Amino acid sequence: MPSMRCDILLPKVQHSMSSPPANKGSLSADEIGPAVSEEMQAVPFIDVHTHLFMPSLGKVGLWGIDELVTYHYLEAEIFRFSPITPNQYWALTKREQADLIWRTLFVENEPLSEATRGVVATMAALGLDPSASTLQEARAYFEGRPLDRHIRHVFRLAGISEAVMTNDPLDPAEAPLWEQGAAPDPQFHAALRLDRILNRWREHWEALVAKGYRVERDLGGVTLSEVRRFIADWCRRMNPVYMACSLPDTFAFPEHSVRGRLLAEAVLPLCREHDLPLSLMIGVRYQVNPAIRLAGDGSGKADLRAVEHLCVQHPENRFLISVLSRENQHELCVYARKFSSLLPFGCWWFLNNPSVVEEVTRERIEMLGASFIPQHSDARVLEQVIYKWRNTRRTLAPILSNAYRLLAEDGRPVTRAGIKHGIERMFRTNFEGWLAPRKEHASAVSI
Ligand code: FIX
Ligand code: ZN
């Protein structure tokens, strides 16, 4: 069972899954909002899903102004504002792409979207001028910044103590760095990402053969035990806190398919053997517009009976679930009330906008109390955590304040300690407790 490397650089915050402290010092209705905002600022959050990388994987990590401005969310937007075609855009250099996006979305037009405003907020937080007509000043700021020190600075600005990475054992750029012994980092945790195996087996099975695993295209012979060996080898190498996969809106389980068999006979057993949760992010319509590459994925409503069947048929497994369709959110809450092995997390991707985050978080609190994880950043570029977590705090503080005000109105005194406990639970200890062996917690329950 991987130890959650928690020797964080921020003041150690002692957590426990204990009950809220006694109700001394109850707050008035007017004091609740400020107390929530202050505690949201004070508690260092854990970012449970990102595409960031620890310093020893630095060459695959993205950071700096050109990466911020060419984020695929902004690439989707440039084609709406500029006559440039995708082929013309992809022929530009990264710097030329960034200059075009900056000029079009930030100079010639007001950056009103969540993603463009995020760049503005990030630049302002770093002391850069978001009204600049060019990226010259910003580029000079990033040039020569030592990455390790920059990471710590950015995490402090974002108010996060740790981030969970997305680590793909079949990524030709990343895998060799792990095989050469990438140094771990206390502010980063690995997540073993399995999309190439579960979703694209026919394209990647030969990569396992090349690494000495006796697998076959149609899962014959000893394929499934060899896939289990491959996953076990990478668990030893990465020490992941969970395994993960994104899934299409058409995902079904059980399913007599390559993915259905690999999931049931390789991934789920290994999760149980290593006592690791499985994170499933469901609802992607991959490459609805391939011309715009990473920006070309869409969203679709999934049939969440697949989640129901997973929880019923594999009760020993723990599932971190995020769904991409707004229409799936309410039923995900209902399923979380049916299965304690299901932990909903985040307002993912196209849902990470205030108008949706407000609705989703309200229905989660109403149905689940504080027993869910409200948000993750999904940051692909290091500095994005600054705006994504700033926006999360700004959007959710009123939502949480409203929940506590209702509690006070209904007769239960609300204290700052109780508010802090709830925030710590949603943004830290739900996740930490999910990683600790559940059986340990079960034995700890006093009857
Ligand atoms: O599958 C995932 O981890 C998704 O989050 C990404 O593929 C997606 O491109 C993204 O970054 C969304 O925010
Ligand atoms: Zn992601």
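The basis for the numbers below is simple: all heavy atoms, side chains too, and nothing from hydrogens, waters or symmetry mates. For clarity, every value in this text was computed on a predicted model and none was experimentally measured. Residues: numbered from 1 along the sequence shown. Whatever order the structure lists them in is the order used to number ligands and atoms, beginning at 1.
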Nearest heavy-atom contact between His376 and Asp378 is NE2-OD2, 3.2 Å
What I want to check is whether the side chains of Ser246 and Tyr286 have a donor and an acceptor closer together than 3.5 Å. yes
min-distance protein heavy atom vs atom 13 (O) of ligand 1 -> Tyr73 OH, 2.4 Å
Under 3.5 Å: N/O of Arg380 near N/O of ligand 1: yes
Exercise for review: Answer yes if the side chains of Glu75 and Thr70 hold a donor-acceptor pair under 3.5 Å, and no otherwise.
Suggested key: no
ang(NE2 His49, the Zn ion (ligand 2), OD1 Asp378) rounded to 10° is 90°
Numbered in order shown, the ligand 1 atoms found under 4.0 Å of a heavy atom of His49 are 3 (O), 5 (O)
Exercise for review: Kindly confirm or rule out an N or O of His51 lying under 3.5 angstrom from an N or O of ligand 1.
Suggested key: yes
The Zn ion (ligand 2) -> His51, closest N, O or S atom is NE2
Measure from NZ or CZ of Arg293 to the centre of the six-membered ring of Trp90 and say whether it is under 6.0 Å with the direction within 45° of the ring axis.
yes
Open item on the list: Any donor-acceptor pair under 3.5 Å linking the side-chain atoms of Asn167 with those of Arg193?
Closed with: no
Between Ser161 and Arg428, does any side-chain donor sit less than 3.5 Å from a side-chain acceptor? yes
Exercise. Does the side chain of Glu174 pick up a donor-acceptor pair with the side chain of Trp178 at under 3.5 Å?
Worked result: yes
To atom 1 (O) of ligand 1, the nearest of Met281, Arg193, Lys388 on a heavy-atom basis is Arg193
Check: of Phe350, Tyr71, Tyr286, Trp348, min heavy-atom distance to atom 4 (C) of ligand 1 comes from Trp348
Going by the 4.0 angstrom heavy-atom rule, the piece of Gln384 near ligand 1 is neither
